[in-house]
Structure formats: structure tokens, C-alpha cells
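Accompanying notes for the structure given below.
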Amino acid sequence: MSHDQPRGGDADDPFQKRPSEPESPQPPPYPGAGAGGPAGGGPQGGGQGGGPYGGTGAGGPQGGGPYGGTGAGGPYAGGPYGGDPQNPYGGQYGATDPLAGMPPLANRFRRLIARIVDGLIVSIPVSALFWGIAWRSDPWDDQSKSTGLSIIVSLVYFVYEGLMLTTRGQTLGKMLMKIRVAMLDNGAIPEGRPGWTRAAVYSLPQIVPCCGFVFWLVNVLWCTWDQPYHQCIHDKAAKTVVVSTVE
């Protein structure tokens, strides 16, 4: 004889459940899931045939999963010289190779030599003119003269670099080393504000007593560890990159 009790809706028995009533339809667990369940598309990928992270399904706003997927037609499909102009740095969901589509980055040693050449081009004539005038008529002591010369050289270098970058993307030193400055998003010459911003961030802090040299040193060394574009601080401020003109 069976001792099993018929299952019912006795409220005194918390382990018994009343027959469930039909539930109202629930919305998909995330956008793009549709009626087919979670295999209908990922939260980033949408469309059909993708897993919960987009997989290889087509039609999502980023053309695949949130980490670069293989879907077609996403807005971040190209590099900084051929991709989304609103996302010049690649971004979290950018191309797997952020350097795709752009010229080769300039060698750091060539960049250093170009700076030395430009420094000599500016400082030698300015120093000769300054000391020629100051030696005969300026009453300042030698320390004041050195400080004044440093400020004048920095200002002249700012004007020199700003004019050269905004007109052709190269200073004389960069021409010699076959490198140039380009806008990161499209490779164009840094005309107008970007070129002057880059020149200002490099040159003008040097006229500030004490901390100016420290900032300049950190600035020029920044490209030695910056990835993936080898930018100095003045490049980041202007959104530029230094590339080779020789393929």
C-alpha cells in the first residue's frame, strides 16, 4: 500500500506547490537575443548566429564581439589612417592591429638626431647674435644673460617648429632624417592648431625656471616606453605621430 500523498496545493506544506499559472512572456535577456534564446546574438554583436559575446555573427554595431570579433562591416574595421575618425586611438574595441593602414613609425634614434639638428640650426645663429649684442651693451651679469638666451632660443624654436609643422609637417632636421609629423587619425599635415600645440608643448615649458627642464626631459623620453604609437607628451597633446617617409 503506497503511503505517497497526492500532490496538491496544501498551504501548510511549504514543499508543495500549487499548479503554476501561465506566466506572461518575458523580454529577451539582452538586446538582440530575440525569440531564439541566447544563441540569437550577443550583447554587442546582435544579429544571428553569434554566442553571448557576439561570436562571428553578422550585423552587430561593432561587427562582432566586444573584443574585435570577426564580423563584417564594423565601424572600427580599419586602422587610424583608414578607420573610424571618431576613434583615432583604436579604443577598447578597436582593430586588433592599431598600426594597420599607417606608415611605419619613425625610428627613435632618427627622431633624436632630427631634434639635435634642429636645435643647432636655431641655437647657433640666435646665440651668436645675442652674445654679440649683449657683450657690448648689455649690463646684465653672465647668469642673467644665460637665462635670457635660453628664453629667446626657446621662443625662436617654438616659432620655427610651429611654422614648419603647419606648412609641411617637417622641420629641417626631420627632412634630413626622412621622417615627418602626421595627424594620427588620417595622416595629414598638422595644419593650424595641432602643429602649434605640438610646438608649444615641446618648447615653451623650457622658459619656466626649475621645473621647465624636468618636464622637457620627461616629455622627450616618453616615446621610449609609450605604446603602440611611440608618442611623446607633445604628440599626445596634438594627437600626432611621427612616421617614416621611407617605406
Side-chain angles (χ1 to χ4, degrees), residues 67-68 75-119 121-122 154-155 157-208 211-247:
Y67 298 104
Y76 306 145
Y81 286 9
D84 178 21
Q86 302 301 322
N87 190 30
Y89 290 93
Q92 182 180 3
Y93 307 129
T96 55
D97 181 5
L99 303 179
M102 65 187 296
L105 293 175
N107 180 277
R108 295 183 182 94
F109 181 73
R110 287 178 174 270
R111 294 176 64 172
L112 174 62
I113 297 300
R115 282 293 185 188
I116 293 175
V117 171
D118 288 329
I121 289 174
V122 172
S154 296
L155 292 174
Y157 193 98
F158 162 66
V159 175
Y160 159 77
E161 183 169 16
L163 289 174
M164 295 294 290
L165 293 184
T166 55
T167 54
R168 59 179 302 144
Q170 292 177 299
T171 58
L172 296 177
K174 288 180 172 58
M175 293 180 204
L176 179 64
M177 290 292 102
K178 295 180 172 28
I179 61 178
R180 71 181 181 92
V181 177
M183 296 302 298
L184 179 60
D185 58 351
N186 58 18
I189 292 173
E191 298 177 342
R193 180 179 295 179
W196 287 105
T197 297
R198 191 179 192 276
V201 175
Y202 177 81
S203 301
L204 297 186
Q206 298 179 59
I207 69 178
V208 179
C211 62
F213 175 76
V214 175
F215 176 83
W216 174 85
L217 184 62
V218 173
N219 179 14
V220 297
L221 291 177
W222 199 274
C223 67
T224 62
W225 59 75
D226 181 76
Q227 295 296 335
Y229 300 117
H230 303 173
Q231 293 172 300
C232 293
I233 296 175
H234 52 264
D235 286 309
K236 292 186 178 296
K239 293 183 173 59
T240 58
V241 66
V242 183
V243 297
S244 174
T245 59
V246 180
E247 294 296 336

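Atom CG of residue D226 and atom CH2 of residue W222 lie 8.0 Å apart, to the nearest 0.5 angstrom. The CZ atom of R108 lies 15.0 Å from the CD1 atom of I113; values are rounded to the nearest 0.5 Å. Once rounded to the nearest 0.5 Å, the distance linking NZ of K236 with CD of Q231 reads 4.0 Å. Between the CG atom of N186 and the NZ atom of K239 there is a distance of 13.0 Å, given to the nearest 0.5 Å. Taken from CD1 in I189 to CG in L165, the straight-line distance is 10.0 Å, to the nearest 0.5 Å. Atom CE of M177 sits about 10.5 Å away from atom CG of D118, to the nearest 0.5 Å.
Taking the side chain as every heavy atom from C-beta outward, L176 and L172 never approach each other to under 4.5 Å. Using a 4.5 Å heavy-atom threshold, the side chains of P190 and R198 count as separate. For the pair L155 and L204, the minimum side-chain heavy-atom distance is below 4.5 Å. Counting only heavy atoms from C-beta outward, the side chains of V243 and M102 approach each other to under 4.5 Å. At a threshold of 4.5 Å between non-hydrogen side-chain atoms, the residues F215 and V201 count as touching.
Contact record, P98 with P228: CG-CG, 3.7 Å, taken as the closest heavy-atom pair. Residues P205 and A200 share a closest heavy-atom pair of CD-O, 3.2 Å. P103 approaches S244 most closely through the heavy-atom pair CB-O, 4.0 Å. When all heavy atoms of A238 and P194 are compared, the pair lying nearest together is CB-O, 3.3 Å.
The aromatic rings of Y202 and H234 lie perpendicular to each other, with more than 60° between the two planes, well past the 30° mark.
Side-chain N or O atoms of D235 include one that pairs as donor or acceptor with a backbone N or O of C232 at under 3.5 Å. In this structure, T166 contributes its side chain and L163 its backbone to a donor-acceptor pair below 3.5 Å. No donor-acceptor pair under 3.5 Å is formed between the side chain of Q170 and the backbone N or O of M164.
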Taking it one step at a time, do L184 and Y229 satisfy side chain to side chain contact (heavy atoms under 4.5 Å, CB included)?
CA-CA 9 Å; L184 179 60; Y229 300 117; 3.9 Å; yes
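By the 6.0 Å contact criterion, CZ on R193 is open, its count of non-hydrogen atoms from other residues, nucleotides or ligands being 12 or less.
The salt bridge (Lys or Arg N to Asp or Glu O under 4.0 Å) pairs that include a residue from residues 172-184 number zero, where partners must be two or more places apart or lie in different chains.
Among residues two or more places apart in sequence or in another chain, the salt bridge (charged side-chain N to carboxylate O under 4.0 Å, His left out) test is passed with R110 by none.
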